[in-house]
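Let me begin by presenting the structure, written as structure tokens, before commenting on it.
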Number of protein chains: 2
Amino acid sequence: MELLQTIKKSPLFLTIDEETLKEIAEHCRQKKLYKGQELFAAGDTAENFYIILNGWIKLSRISREGEEIIIHVFGPGESFAEAAVFSDKKKYPVYAQSIEDAEVIEIPRSFFIKKIEEDSRFALRLLGSISAHQHYLVQQLEQVTSRTAPQRVGAFLLRFCKRQTENADGTMVVDLPYDKAIISTRLSIKPETFSRALAKLEPYGVTADKRAITIKSPEALADFCDVD
Amino acid sequence: MELLQTIKKSPLFLTIDEETLKEIAEHCRQKKLYKGQELFAAGDTAENFYIILNGWIKLSRISREGEEIIIHVFGPGESFAEAAVFSDKKKYPVYAQSIEDAEVIEIPRSFFIKKIEEDSRFALRLLGSISAHQHYLVQQLEQVTSRTAPQRVGAFLLRFCKRQTENADGTMVVDLPYDKAIISTRLSIKPETFSRALAKLEPYGVTADKRAITIKSPEALADFCDVD
DNA sequence: AACATCACTTGATTTGGATCAACTCCACAA
DNA sequence: TTGTGGAGTTGATCCAAATCAAGTGATGTT
């Protein structure tokens with residue numbers, strides 16, 4: 001069964017035994033989302049958290065002026081909204097929407113809490129997963145406040161190309177997973193600035209052809225972006 | 001015993017029974033820190049997490065260029081570094097230093113994990129506490145990316161004056177808890193900008209006399225800062 | 001084939017905050 | 001009392017990114 005296989009691969013469930021996994025698979029619902037569909041809104045009661053099977057889900061907040069801030073974009077295998085489920089107010093603090101057609105697994109809060117009560121290793125695993133995301137947020141905060149736009153774009157490309165293939169000569173090709181406008185917002189810059197930032201990375205061996213980005217020397221880029 | 005009383009008041013232990021609290025008090029060490037003392041550095045093994053008795057502890061990261069980014073400043077009653085203790089790498093991702101003379105309680109990881117295994121309600125409580133901090137980080141990210149310097153300064157004042165007294169006529173007086181330079185860094189702005197931002201809040205009834213800030217109409221300020 | 005639309009790119013101008021620099025005001029020490 | 005240094009303010013200038021605006025080049029539609 002495909003569902004079980006996917007759950008198994010999620011970082012959250014890496015160390016969970018087969019039997020528990022089967023039980024989890026039985027208690028969660030698979031959900032299909034069309035492009036742009038809302039999964040939950042900020043302020044909704046946090047009844048579930050999610051694991052992504054395929055597609056991309058963006059978590060964002062909308063300011064009073066209607067401006068959107070993307071908190072994170074989660075991809076296949078990743079889980080999100082765990083923290084909201086355990087918050088005091090039991091509300092989602094952000095808005096979640098799919099940016100492509102997507103499939104997610106919905107895991108109900110109640111089942112999850114039962115599981116934690118039964119199995120403390122599971123609680124520890126969960127704490128690890130949440131703290132990893134917290135670490136990501138801290139890094140994000142650092143990026144936004146202390147890096148220039150080109151550095152942020154470069155760091156994004158590097159983070160992303162880690163998951164993709166490397167050629168024999170060290171050259172890497174990244175295929176951008178979604179619209180440049182989404183990436184821009186995620187990096188807290190405007191699309192125009194993104195475009196110009198990409199151009200400024202040319203001296204470091206970065207060339208773009210539509211969504212396919214070639215990085216001649218990841219090392220030189222990493223050096224410029226001050227990562228790794 | 002003072003230690004037990006303080007632990008009891010910490011949000012993390014609010015719902016924990018007296019007996020467990022006594023046990024916790026027995027297993028943790030009280031530590032005095034002089035101004036500027038390092039508590040742990042980024043990369044250190046995360047053996048403990050902390051609760052503040054008094055004083056202020058700042059968590060920061062230092063970029064390769066030597067620039068400091070303050071992630072958060074924690075005050076009396078607050079706990080921090082819970083997440084690091086549960087991360088996969090078991091390392092602190094940030095640097096912690098006291099900004100005044102301070103006293104903290106140090107709680108060892110090992111004891112804590114034992115406690116979670118024994119008591120699932122405790123694990124849930126902890127999950128709640130961590131997710132609250134995560135929510136804070138998300139808000140911080142939003143502030144930094146979408147608010148101007150004066151708005152951020154105003155939001156800081158409002159957040160802070162909630163913990164302080166309000167006069168009968170609605171006027172509030174905030175006494176800044178630490179150096180303006182620290183506040184500036186926490187808000188990701190330069191001290192000069194902080195100074196100018198404070199001046200720009202004058203039309204909204206904000207006047208400063210050294211560290212004592214008077215806010216004539218918190219509502220007007222909140223409106224300008226787009227909070228609450 | 002003509003048109004509309006969407007996803008960018010490129011150019012010109014503006015602006016918020018950083019930087020550099022000087023100056024005031026206090027606390028504290030010799 | 002007179003210095004000395006740190007905290008904070010104020011002024012002048014600079015720069016990165018936002019904004020406003022126009023254009024390109026795909027893709028799909030009638």
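All chains are named by letter (A, B, ...) in the order of the sequence lines, taking the proteins before the strands, and each is independently numbered beginning at 1. None of these values were measured; they are calculated from a predicted model.
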Query raised in the report: Expressed in angstrom and rounded to an integer, what is the separation of I182(B) atom CD1 from dA7(D) atom P?
Result: 9 Å
Report task. Please state whether the phosphate of dA18(D), meaning OP1 or OP2, lies under 4.0 angstrom from any side-chain nitrogen or oxygen of T193(A). Result -> yes
Query - T145(A) and E142(A): side chain donor to acceptor below 3.5 Å - result: no
Query - Whole-Å gap separating P (dT9(D)) and CD (E202(B)) - result: 14 Å
Report task. To the nearest 0.5 Å, tell me how far Q140(A) CD sits from I71(A) CD1. Result -> 9.0 Å
Report summary line: note: R152(A), atom CZ; dA18(D), atom C1'; distance rounded to Å ~ 12 Å
Query raised in the report: What does A181(B) touch in the nucleic acid at a heavy-atom separation under 4.0 angstrom: a base, only the sugar-phosphate, or nothing?
Result: sugar-phosphate
**Report entry** For atom CD of E192(B) and atom P of dT9(D), their distance in whole Å
**Finding:** 11 Å
Query raised in the report: Please give, in whole Å, the distance from dA7(C) P to E100(A) CD?
Result: 10 Å
**Report entry** Side-chain donor-acceptor contact under 3.5 Å, R211(B) with Y178(B)
**Finding:** no
Report task. Report the distance from atom NZ of K210(A) to atom C1' of dT9(C), rounded to the nearest whole Å. Result -> 14 Å
Report summary line: In whole angstroms, the gap separating P of dG8(D) from NZ of K190(B) amounts to 15 Å
Query raised in the report: Can you tell me how far C1' of dA21(D) sits from CZ of R196(A), to the nearest Å?
Result: 11 Å
